[in-house]
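We number each residue from 1, following the sequence as shown. Since we're looking at a predicted model, the values are computed, not measured.
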Amino acid sequence: MTLTTLSSAMNDFQVSPQNVTDLNPPQIKVFIVGRQDYSIDGLASMLGAQDENYRVACVEPDKDCLQKLEATQPHLLLIQNESLPKPFDRLIHQVLESQPGIRIMVFGKQMSDDHLYSLVRAGIHGYMNERMDGQHFKRALDKVLDGGNWIERHILERFVTQQQQCDDALEVQFYEKVDRLCDQLTRREV
């Protein structure tokens with residue numbers, strides 16, 4: 001694993017074409033955005049302990065972060081929840097628009113179900129919290145990197161419930177419109 005950690009000078013991260021193009025095809029490029037702390041170090045250590053050959057770049061969130069991300073062209077973007085701007089959905093849409101193949105995961109502590117639901121609605125592919133161990137973390141990464149999503153069941157159930165409610169509301173609206181149309185027609189026209 002090649003690891004670019006920039007403890008006190010994280011904002012001096014430089015991405016050069018040589019750094020990006022000298023990767024062997026099996027390497028997985030991971031771009032971590034977050035404030036330098038033990039969770040970033042732990043995340044980088046877990047990546048280093050995995051079987052895959054990861055190349056990791058860690059940067060602090062700043063005004064040049066998106067340019068650094070685009071220059072790196074990573075496979076996976078890991079964003080520390082505390083580093084997300086508000087509103088975060090604009091940033092996520094911007095990243096997905098500029099790099100359609102990128103996979104996005106958010107990690108952090110004490111993320112409420114409402115917040116996780118909002119993250120998934122915005123377009124992230126998964127999230128990790130402080131309760132995850134190394135094996136759980138590995139399964140989450142594998143799933144997201146393989147094109148899937150890593151979302152807890154109760155959050156998915158919320159999506160299903162909301163979709164059912166939306167479908168029911170559309171059906172009611174459809175029948176109400178048909179009834180109003182029929183009210184305006186003669187019996188023969190109906």
Problem - Steps toward side-chain contact (heavy atoms from CB on, under 4.5 Å) verdict (K68, V33) - result: CA-CA 10 Å; K68 295 171 187 175; V33 177; over 6 Å; no

Exercise for the section: Keeping to residues at least two apart or across chains, list the salt bridge (Lys or Arg N to Asp or Glu O under 4.0 Å) pairs with something in residues 170-179. Expected result: none

Handout entry: Qualifying residues under side-chain contact (heavy atoms from CB on, under 4.5 Å), relative to P100, sequence neighbours excluded
Key = none

Problem - side-chain hydrogen bond (donor to acceptor under 3.5 Å, both in side chains) partners of E152, counting only residues at least two apart - result: Y127, R131

Practice task
Using the side chain to side chain donor-acceptor pair (under 3.5 Å) rule, collect all pairs that involve residues 81-91, keeping only residues at least two apart or in two chains.
Solution key: Q80-S83, N81-H115

Exercise for the section: Please identify each residue that fulfils ring pair (Phe, Tyr, Trp, His ring centres under 6.0 Å) with H93, with sequence neighbours left out. Expected result: none

Fill in the blank from the handout: Hits for side-chain contact (heavy atoms from CB on, under 4.5 Å) against D146, two or more places apart or cross-chain, chain-then-number order -> none

Problem - Nearest non-hydrogen partners of D142 and Y54, listed with the distance - result: OD1-OH, 4.4 Å

Practice task
Output the distance between atom CG (L116) and atom CG (N129), rounded to the nearest 0.5 Å.
Solution key: 7.5 Å

Handout entry: Non-hydrogen atoms of L119 and L84 that approach each other most closely
Key = CD2-CD1, 3.6 Å

Problem - M128 versus M111, closest heavy-atom pair with distance - result: O-CE, 3.4 Å

Practice task
Indicate yes or no for a side-chain donor-acceptor contact from R55 to the backbone of P74 under 3.5 Å, with no hydrogens or angles considered.
Solution key: no

Problem - Flag, side chain of R103 to backbone of G147, donor-acceptor distance under 3.5 Å - result: yes

Practice task
Side-chain contact test, heavy atoms from C-beta onward, threshold under 4.5 Å: evaluate it for L69 versus I102 and give yes or no.
Solution key: yes

Exercise for the section: Please identify each residue that fulfils side-chain hydrogen bond (donor to acceptor under 3.5 Å, both in side chains) with Q99, with sequence neighbours left out. Expected result: none

Exercise for the section: Over all heavy atoms of both residues, which pair between K143 and N149 is shortest? Give the atoms and the distance, please. Expected result: CG-O, 3.5 Å

Problem - Closest heavy-atom pair and its distance - C58, V56 - result: SG-CG1, 4.0 Å

Practice task
Verify, without hydrogens or angle tests, whether H75 (side chain) and K29 (backbone) share a donor-acceptor contact under 3.5 angstrom.
Solution key: yes

Exercise for the section: Enter the distance from M105:CE to I79:CD1 here, rounded to the nearest 0.5 Å. Expected result: 11.5 Å

Practice task
Using the salt bridge (Lys or Arg N to Asp or Glu O under 4.0 Å) rule, collect all pairs that involve residues 110-123, keeping only residues at least two apart or in two chains.
Solution key: D114-R158

Problem - R139: partners by side-chain contact (heavy atoms from CB on, under 4.5 Å), with sequence neighbours left out - result: Q135, H136, W150

Exercise for the section: Calculate, to the nearest 0.5 Å, the distance between atoms CD and CD belonging to E70 and Q94 respectively. Expected result: 7.5 Å

Handout entry: Shortest non-hydrogen contact from I124 toward G126
Key = CD1-O, 3.1 Å

Practice task
State, with a plain yes or no, whether a side-chain heavy atom of L91 is found less than 4.5 Å away from one of L66.
Solution key: yes

